[in-house]
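As structure tokens, the structure follows; a few thoughts come after it.
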Amino acid sequence: MSQLIKVTRPTKIELIKLRRRLTLASKIQKLIKDRVSILVMEFLQIAGQTVEVKRGLLDDFSALYKALSLAAGYHGYIALEKEFTASEGGLEIAAGLRNIGGVKIPAFELKKTKQALRGYSLIDTSSWLDRTAELSEKCLEAIVELAELQRSMAKLGMEINRTKRIVNALEYLIIPGLQATIKYLNMKFEERDREEKSRLKRVKVLLERK
Amino acid sequence: MSGELPYDRVLREYLTGELRVLNAHLPGKQKSLADLWDEEYPHVLCNDGSVHLFKQKELRYLASLIDSDEQKALMLPILIEVNTGRGEMAVLCPGVVGEKVIQKVLDMPLDVRGERITLYRPQLALVRKRLKTTTQYVFSAQL
């Protein structure tokens, strides 16, 4: 049940103020509802993408382990480790922000280093090692993308929760409360009018009797 | 407003604050696709001081849709206006290049009124899916 807002005096001015307040509250509600719908749409899109990227990443990981096992079998662990140590390099990730309906979410992009060679000797190594390196680069890109998507999803989810609470407060508490108070005031004024009319009639009767 | 009750003020300030938060990310200045193309880290500075980063992949996709002259005319990020109480959104893009881009992204004819392209929700979802960092929302409400 909606709660009545306490009005200091049941006057017309108070009624006008309440009506204005109701219009404002309705506008806020519309705005926040629009925001929630946008956030939910984005959240669902990001959730779908997360599933896709995660599935792709798992497939790539599985292919990578296979390629790595074959490379290890072909070269031996010691030789493979030596080649990998030679090909070690730093990563560069461009990090920024993007904003969806007031929610700041991260944007990462793995910068591709323009290297002609991966660092290991092409003569001493097999194509299995190339395949391993290629797949691991692909996995790295997917990991960065997944990190961005998962963080975005968490942040959007939190914001949706918070905003929904505000929408519910407006929808089920503030607006019905204002409407009920306006209705109460209207009834009060009607009652006052009726009282006034009956009083006038009574006065008229008394005057006629005299 | 004189004679305003604290309750009214709270509501009004909340709405203004909400609009400020929603629109704080708007870019101080839009950049053309050609300019962004030359930058190592394509970005624009937002009104709240944050950096909005564009993804190279999306820029490449946009560049593939239009020719080099049009790349100079396409201002990014493309702004999508969300008007409260209406089921549709509007893409604010002066010029024909923006219209051409959105048309190619959606692969369907568009409802263009003046400098606004009207988008419906399913269309918006498609545009946002393809152009995540190159589009931004603008929320508008009449106080």
Side-chain angles (χ1 to χ4, degrees), chain A residues 5-8 13-14 16-18 20-35 37-42 44-46 48-49 92-112 141 145 148-149 152 159 163 166 170 174-175 177-178, chain B residues 1 3-5 7-12 14-27 40-44 46-58 77 80 82-87 89 121-122 124-126 128-129 132-143:
Chain A
I5 293 171
K6 282 177 193 166
V7 278
T8 47
I13 290 288
E14 205 63 46
I16 292 166
K17 278 181 185 168
L18 279 171
R20 205 181 289 152
R21 213 180 284 173
L22 179 66
T23 318
L24 195 61
S26 307
K27 273 180 191 167
I28 295 177
Q29 190 204 13
K30 274 180 196 164
L31 179 78
I32 299 176
K33 266 193 168 179
D34 270 347
R35 188 182 177 208
S37 72
I38 294 273
L39 291 179
V40 169
M41 187 190 84
E42 294 283 344
L44 291 176
Q45 260 186 18
I46 290 176
Q49 277 177 325
E92 205 180 322
I93 295 173
L97 289 170
R98 65 189 183 103
N99 194 309
I100 302 174
V103 190
K104 280 180 186 169
I105 59 171
F108 301 134
E109 197 163 46
L110 189 68
K111 297 298 281 184
K112 280 177 188 163
E141 266 175 53
E145 200 182 343
E148 181 192 318
L149 289 170
S152 308
E159 191 61 25
T163 322
I166 299 168
L170 279 166
I174 296 170
I175 292 177
L178 285 168
Chain B
M1 194 188 289
E4 203 175 32
L5 289 171
Y7 190 87
D8 288 321
R9 207 162 45 241
V10 168
L11 276 178
R12 184 171 290 279
Y14 181 77
L15 182 56
T16 325
E18 194 76 10
L19 273 177
R20 207 177 295 135
V21 168
L22 291 177
N23 291 333
H25 63 283
L26 289 180
E40 192 186 357
Y41 300 104
H43 70 279
V44 283
C46 304
N47 286 335
D48 61 350
S50 61
V51 175
H52 178 89
L53 195 75
F54 294 101
K55 294 222 166 182
Q56 295 274 10
K57 200 168 70 179
E58 276 177 43
I80 299 169
V82 181
N83 226 322
T84 55
R86 294 169 75 184
M89 320 285 159
R121 279 186 192 260
L124 177 73
L126 207 63
R128 285 288 296 170
K129 194 176 178 181
K132 268 196 286 184
T133 57
T134 43
T135 53
Q136 271 190 350
Y137 290 114
V138 184
F139 286 83
S140 69
Q142 285 182 332
L143 295 178

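Residue numbers start from 1 in every chain, and the chains themselves are labelled A, B, ... in the order their sequence lines are given, proteins ahead of strands.
In this structure, B:His43 has no ring pair (Phe, Tyr, Trp, His ring centres under 6.0 Å) partners at least two apart in sequence or on a different chain. Residues meeting the salt bridge (Lys or Arg N to Asp or Glu O under 4.0 Å) test with B:Lys132, sequence neighbours left out: none.
The nearest pair of heavy atoms linking B:Leu53 to A:Ala95 is CD2-C, 4.2 Å. Considering every non-hydrogen atom in both A:Ser37 and B:Arg121, the closest pair reads OG-NH1, 2.9 Å.
Of the inter-residue distances, the one linking B:Gln136 atom CD with A:Asn99 atom CG reads 7.0 Å to the nearest 0.5 angstrom. Within the model, atoms CD of B:Glu58 and CD of A:Glu109 stand 9.0 Å from one another, a figure rounded to the nearest 0.5 Å. Here the OG1-CZ distance, from B:Thr135 to A:Arg98, works out to 8.5 Å after rounding to the nearest 0.5 Å. Note that the CG atom of A:Asp34 and the CZ atom of B:Phe139 stand 7.0 Å from one another [nearest 0.5 Å]. Here the OH-CD distance, from B:Tyr41 to A:Glu92, works out to 3.5 Å after rounding to the nearest 0.5 Å.
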Item to complete: Mind running side-chain contact (heavy atoms from CB on, under 4.5 Å) on A:Lys104 and B:His25 for me, showing each step along the way?
Response: CA-CA 9 Å; A:Lys104 280 180 186 169; B:His25 63 283; over 6 Å; no
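Heavy atoms of B:Asn23 lying under 4.5 Å from chain A are absent altogether. If you measure heavy-atom distances from A:Gln29 to chain B, you find no contacts under 4.5 Å at all. Neither the backbone nor the side chain of A:Leu44 has a heavy atom closer than 4.5 Å to any heavy atom of chain B. For B:Ala24, no part lies near chain A; criterion is any non-hydrogen pair under 4.5 Å.
Ranked by heavy-atom pairs shorter than 4.5 Å toward chain B, the options A:Gly101, A:Ala107, A:Ala25 are led by A:Gly101.
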